[in-house]
Number of protein chains: 2
Amino acid sequence: MSKCEQCIIKQFNSLKSLTKEELVRISSCKISMNVKKGEIIFDEGEAVNGVYCVKEGICKLSKLSANGKDQIVKIVLKGDLLGYRSMVSDEVSNLQAVALIDMKVCFIPKSEIINDLQTNPKFSFDVLKEMAHNLKEADDIIVNMAQKSVRQRLAETLIYIHDSFGVNSDRTLSVLLSREDYANIVGTATESAIRVLSQFKKDKLISMVGKKIRIEDIEGLKRVE
Amino acid sequence: MSKCEQCIIKQFNSLKSLTKEELVRISSCKISMNVKKGEIIFDEGEAVNGVYCVKEGICKLSKLSANGKDQIVKIVLKGDLLGYRSMVSDEVSNLQAVALIDMKVCFIPKSEIINDLQTNPKFSFDVLKEMAHNLKEADDIIVNMAQKSVRQRLAETLIYIHDSFGVNSDRTLSVLLSREDYANIVGTATESAIRVLSQFKKDKLISMVGKKIRIEDIEGLKRVE
DNA sequence: AACGAATTATGATTTTGGTCATATTTCGTT
DNA sequence: AACGAAATATGACCAAAATCATAATTCGTT
């Protein structure tokens with residue numbers, strides 16, 4: 001089992017602000033786990049009794065709406081912390097976390113880390129900064145949802161996936177999302193997402209290799225209205 | 001000028017976690033100000049060099065979208081802190097704050113409070129909790145925007161305004177929002193908001209006294225689909 | 001009380017996106 | 001290589017909401 005104090009991934013999140021001693025203690029009680037694609041890390045309404053540090057892979061955070069659809073509110077990637085919101089607010093999770101590809105995550109029990117959050121100001125300020133950033137992102141999504149067309153939101157999602165996760169050797173997006181996932185990010189019907197993607201293909205903005213998507217004209221996508 | 005350490009409003013926000021000494025220091029440098037209805041407290045893209053503690057009144061936090069519409073992402077009320085997100089993340093504000101009714105606010109300069117945030121773990125944990133709550137609310141709004149109809153969102157907004165701010169003696173909503181404000185909360189065209197409200201009136205869910213709105217059947221509003 | 005700008009209201013029309021039905025393709029499994 | 005379930009694609013139709021135009025009203029000002 002690897003040691004937190006030597007783990008490179010913590011540089012990407014607030015855990016870097018913990019002291020050596022705190023890290024050693026956390027390291028001794030953390031639980032490393034592999035999560036297979038499609039597996040639920042935690043579910044809506046579930047008490048998340050700690051935080052997950054994502055070492056490998058990505059997952060989606062989504063919320064079931066009244067009409068039975070899953071709305072994806074955030075994609076979490078390698079280096080991010082997961083579940084810290086619920087832990088801080090002492091509430092059950094309002095979101096579900098599901099692996100989009102195979103993942104390696106380390107679970108740190110709340111009992112071990114909550115004390116650090118309440119006594120190490122550098123750490124809690126760092127978490128605060130991260131949360132502030134997430135809140136800003138959420139505000140932006142609200143505005144996009146309210147004011148932009150499905151076409152535009154989908155174009156932006158493709159660019160986001162491209163820029164955040166990169167491409168395979170054949171230039172297809174390295175993260176393979178289903179059309180349903182795209183629809184759930186954008187907040188539209190699966191058929192509508194498929195239709196818009198088909199149109200993008202006709203307009204030579206993207207091309208398809210099987211189910212995979214390749215961006216052909218990223219500037220064109222940016223201009224979509 | 002009133003003193004923070006004796007101010008009752010701080011009970012409603014994170015400032016209650018400051019020590020007596022910290023409060024005395026802050027009190028001596030805070031700036032009390034009156035903000036008239038319609039006035040901008042801070043604007044999008046502006047550096048907010050501190051936090052505002054809302055003593056009286058309410059304001060809207062909105063963001064201008066590419067198509068020129070203002071999307072309201074949050075209504076801030078008496079007792080809330082304003083602008084702390086930008087302060088924490090050291091970024092310019094992504095939102096504009098405009099008074100919806102006359103307000104009394106106290107401005108606390110960043111230089112005075114940032115140090116407390118970085119050294120008083122109880123305070124920063126409290127701010128963290130508040131931010132976590134805001135983030136959860138934002139997630140909920142994203143889901144509502146994506147999955148619910150304008151009718152439903154507007155019904156929920158009316159209930160929210162009713163429950164959060166109460167009613168006048170004639171039972172009309174005590175916060176007078178323009179139809180445009182309602183449209184900007186819900187994320188729709190002003191005409192659409194007006195149309196839906198007219199329909200609510202026909203359906204005897206609400207009634208109108210001039211521009212003011214009176215909820216006649218709150219249970220009916222809750223059932224709107 | 002009358003005026004007038006701003007707000008609210010409503011109608012007509014178009015556009016966007018949702019829904020349901022039905023192909024077609026993809027890709028893992030045999 | 002063939003099979004079949006799941007995913008993707010497409011068509012037809014419908015509903016929701018946007019847009020543009022035009023009235024009607026509210027409410028502060030004179």
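Protein chains get the first letters and strands the later ones, always in sequence-line order, with residue 1 at the start of each.
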Taking only residues two or more places apart in sequence or in another chain, which ones pass salt bridge (Lys or Arg N to Asp or Glu O under 4.0 Å) with A:Glu56?
A:Lys78
If only side-chain N and O atoms of B:Ser192 are considered, is one of them under 4.0 Å from the OP1 or OP2 phosphate oxygen of D:dA16?
no
For A:Glu225 and D:dT19, give me the distance from atom CD to atom C1', rounded to whole Å.
16 Å
Quick tally for nucleotides 5-11 of chain D: nucleotides whose base has a protein heavy atom under 4.0 Å get B, sugar-phosphate-only ones S, the rest -, giving --SSBBB
Of all nucleotides in DNA chain C with an atom under 4.0 Å from a non-hydrogen atom of chain B, which is the first and which the last going 5' to 3'?
C:dT7 to C:dA12
Atom-to-atom span, CD of B:Gln199 to P of D:dA17 - whole angstrom
12 Å
For residues B:Arg214 and B:Ser207, is any side-chain donor paired with an opposing acceptor at under 3.5 Å?
yes
Of B:Lys201, B:Lys204, B:Arg171, B:Lys202, which meets salt bridge (charged side-chain N to carboxylate O under 4.0 Å, His left out) against B:Glu216?
B:Arg171
Report yes or no: does B:Asn168 contribute a side-chain atom to a donor-acceptor pair with the main-chain N or O of B:Asp170 at less than 3.5 Å?
no
Parallel, tilted or perpendicular for A:Phe107 and A:Tyr52, by the 30°/60° rule?
tilted
Residue pair A:Val196/A:Val209 against DNA chain C: nearer the 5' end by closest nucleotide is A:Val196
Would you check if B:Leu82 and B:Phe42 make a side-chain contact, meaning some heavy-atom pair closer than 4.5 Å?
yes
Among B:Lys63, B:Gln71, B:Lys69, which residue satisfies the side chain to side chain donor-acceptor pair (under 3.5 Å) criterion with A:Gln147?
B:Gln71
For A:Thr190 and A:Glu180, indicate whether the former's side chain and the latter's backbone hold a donor-acceptor pair under 3.5 Å.
no
